[in-house]
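Single-structure report; data block below.
Model, not experiment: these values are computed from the prediction. All ligand and atom numbering here is 1-based and tracks the order in the structure.
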Amino acid sequence: MNQQLDTLERDSFAGQDRFEDVAARSLARRDVLRHGTGVVLAGLFGPILCGTSPSQAARQRTQLATGFSSLTASTADTVRVPPGYQVQVVFAWGDPIDGIGPAFLQDGSNSAADQARQAGMHHDGGHFFSLPDWKAGSSTSGLWAVNHEYVDPSLLIGSAARWGSAEGVAKSKAAHGVSVVELARDRRGRWALVKNSRHARRITADSEIDIGGPARGDPRLRTPADPDGVRVQGTVGNCAAGFTPWGTYLTCEENFGGVFGSDDPAFRPTADQRRYGLSARGAGSEGSPLYPWWKQDPRFDLAREPNEPNRFGYVVEIDPHDPGRRPVKRTAMGRFKHENCEWLQTKDGRLAFYMGCDEANEYLYKFVTDGKFNPKRREANRDLLDHGTLHVAKFNDDGSGVWLELLPGRNGLTGEHGWTGLADIAIRTRQAADRAGATMMDRPEWVAVNRRTNEVFVTLTNNARRGATPASANAVDGSSAGGTARPPTDRVNPRANNVYGHIVRWTDDAGDAASRTFRWNVFVLAGDPEQDDPAKQGSMNGDAFGCPDGLWIDDTGTLWIQTDVSPSRLATSRPGSPDPDFARLGNNQMLMADPATGRIRRFLTGPVQCEVTGAHMTPDRTTMFVNIQHPGEAGVDRDLSGAPTRFSSWPDGAAAGRPRSATIAITRLDGGTIGS
Ligand code: FEO
Ligand code: CA
Ligand code: CA
Ligand code: CA
């Protein structure tokens, strides 16, 4: 072990409480509350390291205690923040991106053309880019880039007849994608869209996007509309996001399969299509709505255009500072159901991007660029993301881990097993990871990095699909979708039925993000301390929560955790008979965690049936932007067979009616920094 590794381990992992100690504290808390008999929680999960040093904990707890008062859980149809903070809605679905028009119509009657000039639906990842240029650090003027992940038909269209129509499909396409808008803060501290900004831009499912990286031009990416396989129309399933140090936005395509299908009775998806969840009915992954685009646009008909889905499922790079520049799909970063991506710099100046594939029993990836980041000349980084090495994570039960290279000839990716080269791996990334023998995870959602300590965290939101089928039996032919695998538990995914999810952290060895080995532990098991089942109580040192999804680390090293309990399980969806697993946790929320102490405190509660996602701050940390996604989702009437129930009317209020996803700005009344 070299000196650097020794130091890193001391800083990041050594001196921490053993998991048993944390479990014992959790149990002690519960026993005080419930007078129950102790069950050794640690016995369920084995000696996973978790928590942190008590001396650090005492110090940090004092610091956090001065910042804000922890909120109680809430079922109110509003955004709550601690005393001394305020919330402003700055960019909601339907708001015109140029700040002028066309105006949002509450009855859903805006046309597709209107929608293409308005905020799309269901904000997810977002990033604030300071103006005037990529190196500037203004905290009162900047570009907000934000993803629009999917649509709810009953809110978007409001009529079954329109939904299946050409206009309905066109409006659905226009509500997907990305918005870039210019924001400015006035002297009173209020944020507003800058009118007529030259930067204001929508990228939709119809926008022209270049294809970069090893899959560019591959025969499997060629279609009649693009015989060279180099340019695709649109981006969909824009879930979470990332950015580059040269000031570009990375939008990540997740549940792209939902827009593809076929009415051809003879159509059967291939094994490769099944591995990505593609089917005749347009099914995406769990919970993904039905979008019958193939009924109006033949390029989404799998029987007619089998190659079109190979052009989705990538990280897409957008330059918010240059509205005339075409976005690029970076195929070298792999094709899967991308959640977000976050980077660390390697010791030799290259970049390592960490990425999760969000579906039950899918994998965690790392992409390391071949070239170095050039901080002086922006143009030199233009195609940095087209060349590099993709890896997938294998977690060992002893706390070590290996990044398996997904390269031709390595880890079983040989001609003997049917692999034809780098483009093949870029297009069939999930199958490559199967073959390499990666660890199947409990739905990897966001990854967050601490660029000072090189620590990386990932949320594993939940998983009900573990069983007795060894992973190796699922990892041989590339046809075993995460949805059919039933791998047994292991130390990094320790729960047989992971209702509440957990957060795992790791550090690549030798303090170098290029390293092919790492050390990991479980940061926290989410749960409800009031549960009788010890496996559901969690290991929180602080406020209870479930289903962590959004995750971000600010410049102080504070970890922000955002939750996405399925709206159908939230207490507000079942008045009178709430789901016992989530009855006490209230609406989805955002919590602040101290990675050094493990202390977790509730900072924000969202409106009814929303998801809270997409945190970022201005450089001076006086404004935090957060996205409120799909308020009132459980009332959505996906097949438009009846009148939707309106569980939420956030943010416009009951008189207006239609709930809207939106970006909010959180500031302090005294102008101070957030969370301090
Ligand atoms: Fe779009 Fe995995 O959340
Ligand atoms: Ca998510
Ligand atoms: Ca989620
Ligand atoms: Ca969601």
Side-chain angles (χ1 to χ4, degrees), residues 120-127 146-152 176-178 235-242 250-259 276-277 283-289 291 312-316 336-342 354-365 430 441-448 457-465 482-483 498-503 526 545-552 560-570 582 585 587-590 606 609-616 626-631 633-634 661:
M121 250 195 175
H122 290 352
H123 303 37
D124 202 327
H127 192 93
V146 57
N147 287 348
H148 304 296
E149 187 181 24
Y150 67 102
V151 303
D152 283 341
H176 280 72
V178 173
T235 178
V236 299
N238 305 85
C239 181
L250 300 174
T251 182
C252 301
E253 296 181 326
E254 188 190 24
N255 289 311
F256 62 92
V259 303
Y276 283 81
S285 74
E286 42 251 304
S288 195
Y291 312 86
F312 292 84
Y314 298 106
V315 173
V316 186
F336 45 91
K337 295 187 180 180
H338 281 274
E339 185 72 18
N340 80 328
C341 56
E342 267 281 23
Y354 300 88
M355 309 172 283
C357 175
D358 177 15
E359 200 161 11
N361 305 318
E362 289 294 341
Y363 306 118
L364 196 65
Y365 296 85
R430 281 182 157 187
M441 308 295 286
D442 287 353
R443 289 190 60 194
E445 297 249 30
W446 289 59
V447 170
F457 293 72
V458 65
T459 49
L460 299 161
T461 198
N462 56 44
N463 192 358
R465 294 181 178 179
N498 194 1
V499 175
Y500 293 106
H502 61 298
I503 300 176
F545 66 97
C547 304
D549 185 336
L551 198 68
W552 181 64
W560 297 89
I561 302 168
Q562 300 169 314
T563 71
D564 180 22
V565 176
S566 168
S568 64
R569 306 197 69 178
L570 291 168
F582 293 96
L585 298 188
N587 295 346
N588 279 309
Q589 54 198 264
M590 181 167 73
Q609 292 163 11
C610 77
E611 170 186 342
V612 182
T613 184
H616 198 228
V626 169
N627 288 321
I628 301 297
Q629 190 189 59
H630 63 62
E633 184 181 70
S661 297

Can you tell me which N/O/S atom of [X] has the shortest distance to atom 2 (Fe) of ligand 1?
X      : value
Glu254 : OE2
Glu445 : OE1
Asp358 : OD2

Hey, could you give me the [atom1]/[atom2] distance between [X] and [Y], rounded to the nearest 0.5 Å?
X      : Y      : atom1 : atom2 : value
Asp124 : Gln629 : CG    : CD    : 4.5 Å
Asp358 : Phe336 : CG    : CZ    : 11.0 Å
Glu359 : Asn463 : CD    : CG    : 10.5 Å

**OP:** With the side chain counted from C-beta on, respond yes when Val447 and Asn340 share a heavy-atom pair under 4.5 Å apart, and no when they do not.
**Re:** yes
Original post:
Is the backbone of Asn587 close enough, under 3.5 Å, to the side chain of Gln589 for a donor and an acceptor to pair up by distance?
Top reply: yes
**OP:** May I ask you to decide if Val565's main-chain N or O and Asn588's side chain share a donor-acceptor pair within less than 3.5 Å?
**Re:** yes
Original post:
Would you say Asp549 reaches the Ca ion (ligand 2) with an N/O/S atom under 3.0 Å?
Top reply: yes
Original post:
With respect to the Ca ion (ligand 2), what is the nearest N, O or S atom of Glu445?
Top reply: OE1
Original post:
Of all N/O/S atoms in Glu339, which lies nearest to the Ca ion (ligand 2)?
Top reply: OE2
Original post:
Quick one: do Lys337 and Glu254 make a salt bridge, cutoff under 4.0 Å?
Top reply: no
**OP:** Using 2.8 Å as a strict upper limit, say whether an N, O or S atom of Glu339 approaches atom 1 (Fe) of ligand 1 that closely.
**Re:** no
Original post:
Does any N, O or S atom in Asp549 come within less than 2.8 Å of atom 1 (Fe) of ligand 1?
Top reply: no
**OP:** Give the name of the N/O/S atom in Glu149 that lies closest to atom 1 (Fe) of ligand 1.
**Re:** OE2
